[in-house]
Visitor: 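Below you'll find the structure I mean.
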Amino acid sequence: MTSYLFLADGFEEIEALATVDILRRAGIDVKTVSIKETREVKGAHGVTVSADLVYDEMAYAPAEWLILPGGMPGASNLAAHERLCDKLHDHNAKGGKIAAICASPGVVLGPLGIMRGKAGVCYPGFETLMQGCNVQSTLVAVDDNVVTGSSPAAAMPFALAIVEITKGAEVADSVAQGMLLREDSKKSEYYFG
């Protein structure tokens, strides 16, 4: 089954593209979806991407995951798309898997009631929008059918959590090791000469 990552003008590039990259490395069928009438979507830092689909091309397709990158005004633009919000609400009501990172857990999922009663994280300052959420202090939180990430720094762990839920820990570890994200060495992250 296909998963969909939604793009709106002002999306956080690293959160969207790192997630798509890692999911595809794991063999997960994920398509990017522009919520605009055109496939070209401009990120928060001026990077323009061409989505795989526009919203109308996938609106009625069944989905494994519905994934929301953050960024501003990207998250606000996603929240303003009524048909997407209806899809998220219906998908959640059926126990469908949803993942959101950065501003999107608060700006998009919070007002829909999806975070109520769940553990979650978001970008600092958006916690008040996740009414009824048990806010955590980790990079990523997984609670039942919802995965949330806190920030651009959480992009890779966020994507790997989706992989682990979908394909298992062994596949997630293999992808992480292939990217040198998980290794046993004690190498310093930086070298200053």
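Predicted model, so just to flag it, every value in this text is computed and none were measured. Values reported hereafter were calculated over all heavy atoms of this structure, with side chains retained and with hydrogens, waters and symmetry mates removed.
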Visitor: Determine whether Ile165 and Val142 make a side-chain contact, defined as any pair of heavy atoms from C-beta on separated by less than 4.5 Å.
Guide: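 A side-chain contact exists here, since the closest heavy-atom pair is under 4.5 Å.
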Visitor: Quick one: salt bridge (charged side-chain N to carboxylate O under 4.0 Å, His left out) pairs with a partner in residues 49-74, sequence neighbours left out?
Guide: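 Counting only pairs at least two positions apart or across chains, the salt bridge (charged side-chain N to carboxylate O under 4.0 Å, His left out) contacts touching residues 49-74 are Arg24-Asp52, Arg39-Glu57, Asp56-Arg83, Glu64-Lys97.
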Visitor: What is the distance from atom CD of Glu40 to atom CG of Leu7, rounded to the nearest 0.5 Å?
Guide: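 Interatomic distance, Glu40 CD to Leu7 CG, rounded to 0.5 Å: 11.5 Å.
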Visitor: Crowded around Ile114 CD1? As in, over 12 foreign heavy atoms under 6.0 Å?
Guide: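 Yes, the 6.0 Å shell around CD1 holds more than 12 heavy atoms from other groups.
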Visitor: Among pairs that include at least one residue of residues 134-148, which meet salt bridge (charged side-chain N to carboxylate O under 4.0 Å, His left out), considering only residues two or more places apart or in two chains?
Guide: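 Those involving residues 134-148 are Lys118-Asp144.
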Visitor: Under the side-chain hydrogen bond (donor to acceptor under 3.5 Å, both in side chains) test, which residues partner Asp173, sequence neighbours left out?
Guide: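 In terms of side-chain hydrogen bond (donor to acceptor under 3.5 Å, both in side chains), with neighbours along the sequence ignored, Asp173 is linked to Arg182.
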Visitor: Please list, chain by chain and in numerical order, all residues satisfying salt bridge (charged side-chain N to carboxylate O under 4.0 Å, His left out) with Lys87, sequence neighbours excluded.
Guide: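 Salt bridge (charged side-chain N to carboxylate O under 4.0 Å, His left out) list for Lys87, sorted by chain: empty.
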Visitor: Just jot down the side-chain hydrogen bond (donor to acceptor under 3.5 Å, both in side chains) partners of Thr2, sequence neighbours excluded, or say none.
Guide: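 Testing Thr2 for side-chain hydrogen bond (donor to acceptor under 3.5 Å, both in side chains), a comparison that skips the adjacent residues, returns Asp29.
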Visitor: How long is the gap from NZ on Lys167 to CG on Leu23, to the nearest 0.5 Å?
Guide: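 Between Lys167 NZ and Leu23 CG, I get 10.0 Å after rounding to 0.5 Å.
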Visitor: List the atom pairs, donor and acceptor, that lie under 3.5 Å between side-chain atoms in residues 66-73 and the rest of the protein, sequence neighbours left out.
Guide:
none

Visitor: Does a side-chain N-to-carboxylate-O contact under 4.0 Å join Asp21 and Arg25?
Guide: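 A salt bridge links Asp21 with Arg25.
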Visitor: Per the side-chain hydrogen bond (donor to acceptor under 3.5 Å, both in side chains) rule, what does the pair list look like for residues 126-139, sequence neighbours excluded?
Guide: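 Every pair satisfying side-chain hydrogen bond (donor to acceptor under 3.5 Å, both in side chains) with a residue in residues 126-139: Asn134-Gln136.
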Visitor: For residues 153-163, pull every pair meeting salt bridge (charged side-chain N to carboxylate O under 4.0 Å, His left out), keeping only residues two or more places apart or in separate chains.
Guide: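 As it turns out, there is no salt bridge (charged side-chain N to carboxylate O under 4.0 Å, His left out) pair with a partner in residues 153-163 once direct neighbours are skipped.
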Visitor: Which pairs, with at least one residue in residues 6-19 and sequence neighbours excluded, count as a salt bridge (charged side-chain N to carboxylate O under 4.0 Å, His left out)?
Guide: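 Qualifying pairs, neighbours excluded: Asp9-Lys36.
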Visitor: Just distance, no hydrogens or angles: give the donor-acceptor pairs under 3.5 Å from side chains in residues 149-164, sequence neighbours left out.
Guide:
residue : atom : partner : partner atom : Å
Ser150  : OG   : Leu139  : O            : 3.3
Ser151  : OG   : Ala153  : N            : 3.4

Visitor: Who are the ring pair (Phe, Tyr, Trp, His ring centres under 6.0 Å) partners of Phe126, not counting sequence neighbours?
Guide: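 Testing Phe126 for ring pair (Phe, Tyr, Trp, His ring centres under 6.0 Å), a comparison that skips the adjacent residues, returns none.
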Visitor: Who passes ring pair (Phe, Tyr, Trp, His ring centres under 6.0 Å) against His81, sequence neighbours left out?
Guide: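 Result, ring pair (Phe, Tyr, Trp, His ring centres under 6.0 Å) vs His81: Tyr55.
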